[in-house]
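Structure first, then comments.
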Amino acid sequence: MTTAVVAMGLGNEIGYDNQLIWHLPRDLKHFKNITEGHPIIMGRKTYESIGKPLPNRTNIVVSRRTDWFQEGILIVGSVKEALKFAKKIDEEVFILGGAELFKSTMEIIDKLEVTVIDAHFEAHTFFPEIDEKIWKKTHEEFIERDEKNAYNMYFQTYERR
Ligand SMILES: NC(=O)c1ccc[n+]([C@@H]2O[C@H](COP(=O)([O-])OP(=O)(O)OC[C@H]3O[C@@H](n4cnc5c(N)ncnc54)[C@H](OP(=O)(O)O)[C@@H]3O)[C@@H](O)[C@H]2O)c1
C-alpha cells in the first residue's frame, strides 16, 4: 500500500517559503504514529525544509540532481526508483510531499491520510484537488483546538472508490 500523508488548509494550502505554515504538535504526533517504522519518500525541497532525516524511518529523497550526498538518506532520481527501494523494505510506503512530488504520484497512490486544518492560509504550495469521483472518505476524526494547537483539525482517510 502506498499512502500519501498531508496536512492542508481548507484551500489545500500546504507550504509557504519552503516551510510548513503552522505548528501543530497534535498533527506531528499523528504523522509520527502513521509513518514510524515505514519507508518515507519525499521531494528534495521538502527534505531540505525538514533539514535532517526523520528518525526510525528509511528516508528516501527524490531529486533529479545526482551531485549531492547526505548521510542518513537514500537519494534517488525518480519516483519509480524510490518505490522500488521502498517496497523492498516494507509493503507499507508513505509519500510525504511536497506539492511537486504529490502531483507526480497521485495516480499511483492507494490511500490518503489527510489532516484538514480548519482555516484558510496564504500559501505558495498546494495539495492537488481530491476528486470525490475517485476518492471515498472512509474515516474522519475531529480534533478540537487547545492551548498548544491553534486550529481545529480533521484527521481524514480516503481510499480509492
Ligand atoms: N503540509 C504538508 O503536509 C507538507 C508536506 C510536505 C511538504 N510541504 C511543504 O511543501 C513545500 C515543498 O514542496 P515543493 O513542491 O516546493 O517541493 P518538493 O515536491 O518537496 O520537492 C521538489 C523537488 O523534488 C524533486 N522531485 C520532485 N518530483 C520529482 C520526480 N517526479 N522525479 C525526480 N525528482 C523529483 C526535484 O528535486 P531537484 O530539484 O533536486 O531535482 C524537485 O525540485 C514546502 O513548503 C514544504 O514545507 C508540506
Side-chain angles (χ1 to χ4, degrees), residues 2-36 38-55 57-87 93-130 135 137 139-141 143 145 148-158:
T2 303
T3 304
V5 191
V6 63
M8 65 190 194
L10 291 172
N12 289 28
E13 310 91 325
I14 65 164
Y16 186 92
D17 257 356
N18 210 33
Q19 295 296 321
L20 291 179
I21 311 170
W22 41 74
H23 176 70
L24 297 165
R26 183 67 182 80
D27 182 54
L28 292 178
K29 189 174 158 212
H30 179 64
F31 171 80
K32 186 173 168 220
N33 286 342
I34 292 172
T35 59
E36 218 169 31
H38 304 288
I40 52 177
I41 301 172
M42 69 195 96
R44 191 259 308 162
K45 291 182 185 168
T46 292
Y47 175 70
E48 282 181 352
S49 104
I50 300 170
K52 57 176 178 7
L54 293 173
R57 284 150 277 194
T58 300
N59 287 234
I60 304 173
V61 177
V62 186
S63 171
R64 294 184 188 92
R65 278 174 39 202
T66 53
D67 58 346
W68 64 293
F69 171 82
Q70 203 126 102
E71 203 168 311
I73 62 169
L74 178 63
I75 303 163
V76 297
S78 68
V79 170
K80 196 175 166 196
E81 214 179 336
L83 285 168
K84 191 183 85 184
F85 282 115
K87 295 279 179 189
V93 174
F94 292 91
I95 308 274
L96 301 198
E100 189 187 334
L101 189 68
F102 283 137
K103 206 173 163 195
S104 57
T105 52
M106 274 306 265
E107 272 163 28
I108 53 107
I109 286 167
D110 306 305
K111 195 172 158 188
L112 309 174
E113 293 288 359
V114 183
T115 299
V116 176
I117 297 146
D118 198 8
H120 289 277
F121 301 90
E122 202 179 322
H124 294 139
T125 44
F126 298 84
F127 192 73
E129 183 212 347
I130 300 176
W135 298 99
K137 199 193 294 170
H139 179 82
E140 181 166 61
E141 185 185 351
I143 310 293
R145 63 188 291 235
K148 289 193 181 129
N149 298 273
Y151 303 102
N152 288 334
M153 292 174 253
Y154 297 87
F155 294 159
Q156 302 177 335
T157 304
Y158 286 85

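Just follow the structure's listing: the first ligand is 1, and inside any ligand the first atom is 1. Computed from a prediction, not measured in an experiment: that's the story for all the values here.
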Is any side-chain heavy atom of [X] closer than 4.5 Å to a side-chain heavy atom of [Y]?
{"X": "Val79", "Y": "Ile41", "answer": "no"}
{"X": "Arg57", "Y": "Glu36", "answer": "yes"}
{"X": "Ile21", "Y": "Glu122", "answer": "no"}
{"X": "Asp118", "Y": "Tyr151", "answer": "no"}
{"X": "His120", "Y": "Glu13", "answer": "yes"}
{"X": "Val6", "Y": "Leu112", "answer": "no"}
{"X": "Leu96", "Y": "Leu54", "answer": "yes"}

Judging by distance only, is a nitrogen or oxygen of [X] under 3.5 angstrom from one on ligand 1?
{"X": "Gln19", "result": "yes"}
{"X": "Phe102", "result": "no"}
{"X": "Ser78", "result": "no"}
{"X": "Ile14", "result": "yes"}
{"X": "Trp22", "result": "no"}
{"X": "Trp68", "result": "no"}
{"X": "Ala7", "result": "yes"}

* To do: Report the C-alpha distance between Thr3 and Asp110 in whole Å, list the side-chain angles of each, state the deciding distance to 0.1 Å, and finish with yes or no for side-chain contact (heavy atoms from CB on, under 4.5 Å).
  => CA-CA 6 Å; Thr3 304; Asp110 306 305; 5.9 Å; no
What atoms of ligand 1 come closer than 4.0 angstrom to any heavy atom of [X]?
{"X": "Val79", "answer": "31 (N)"}
{"X": "Val6", "answer": "3 (O)"}
{"X": "Ser49", "answer": "47 (O)"}
{"X": "Leu96", "answer": "5 (C), 6 (C)"}
{"X": "Leu101", "answer": "19 (O), 28 (N)"}
{"X": "Arg65", "answer": "41 (O)"}
{"X": "Thr125", "answer": "10 (O), 11 (C), 16 (O), 45 (O)"}
{"X": "Val62", "answer": "24 (O), 25 (C), 26 (N), 29 (C), 30 (C), 32 (N), 33 (C), 34 (N), 35 (C), 37 (O)"}

List the closest protein heavy-atom neighbour of [atom]: residue, atom name, distance to the nearest 0.1 Å.
{"atom": "atom 20 (O) of ligand 1", "value": "Thr46 OG1, 2.6 Å"}
{"atom": "atom 22 (C) of ligand 1", "value": "Glu100 OE1, 3.4 Å"}
{"atom": "atom 21 (O) of ligand 1", "value": "Lys45 N, 3.3 Å"}
{"atom": "atom 39 (O) of ligand 1", "value": "Arg44 NH2, 2.7 Å"}
{"atom": "atom 44 (C) of ligand 1", "value": "Asn18 OD1, 3.4 Å"}
{"atom": "atom 36 (C) of ligand 1", "value": "Arg64 NH1, 4.0 Å"}
{"atom": "atom 40 (O) of ligand 1", "value": "Ser63 OG, 2.6 Å"}
{"atom": "atom 18 (P) of ligand 1", "value": "Gly98 N, 3.5 Å"}

* To do: If the plane angle is over 60° it's perpendicular, under 30° parallel, otherwise tilted; pick one for His30 and Phe155.
  =>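 Aromatic pair His30/Phe155 classed parallel.
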* Asked: Would you call the rings of Phe127 and Phe102 parallel, tilted or perpendicular if under 30° counts as parallel and over 60° as perpendicular?
  ->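 Answer is perpendicular, since the angle exceeds 60°.
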* Nearest-option assignment for atom 14 (P) of ligand 1, heavy atoms, candidates Ala99, Ser104, Gly77, Ala123 ->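 Of the listed residues, Ala99 has the closest heavy atom.
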Does [Y] offer a backbone N or O that forms a donor-acceptor pair with the side chain of [X] under 3.5 Å?
{"X": "Asn59", "Y": "Gly72", "result": "no"}
{"X": "Asn12", "Y": "Pro128", "result": "yes"}
{"X": "Thr46", "Y": "Gly98", "result": "yes"}

* To the nearest 0.5 Å, what is the distance between CD1 (Ile60) and CZ (Phe85)? ->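 If we round to the nearest 0.5 Å, Ile60:CD1 and Phe85:CZ are 8.0 Å apart.
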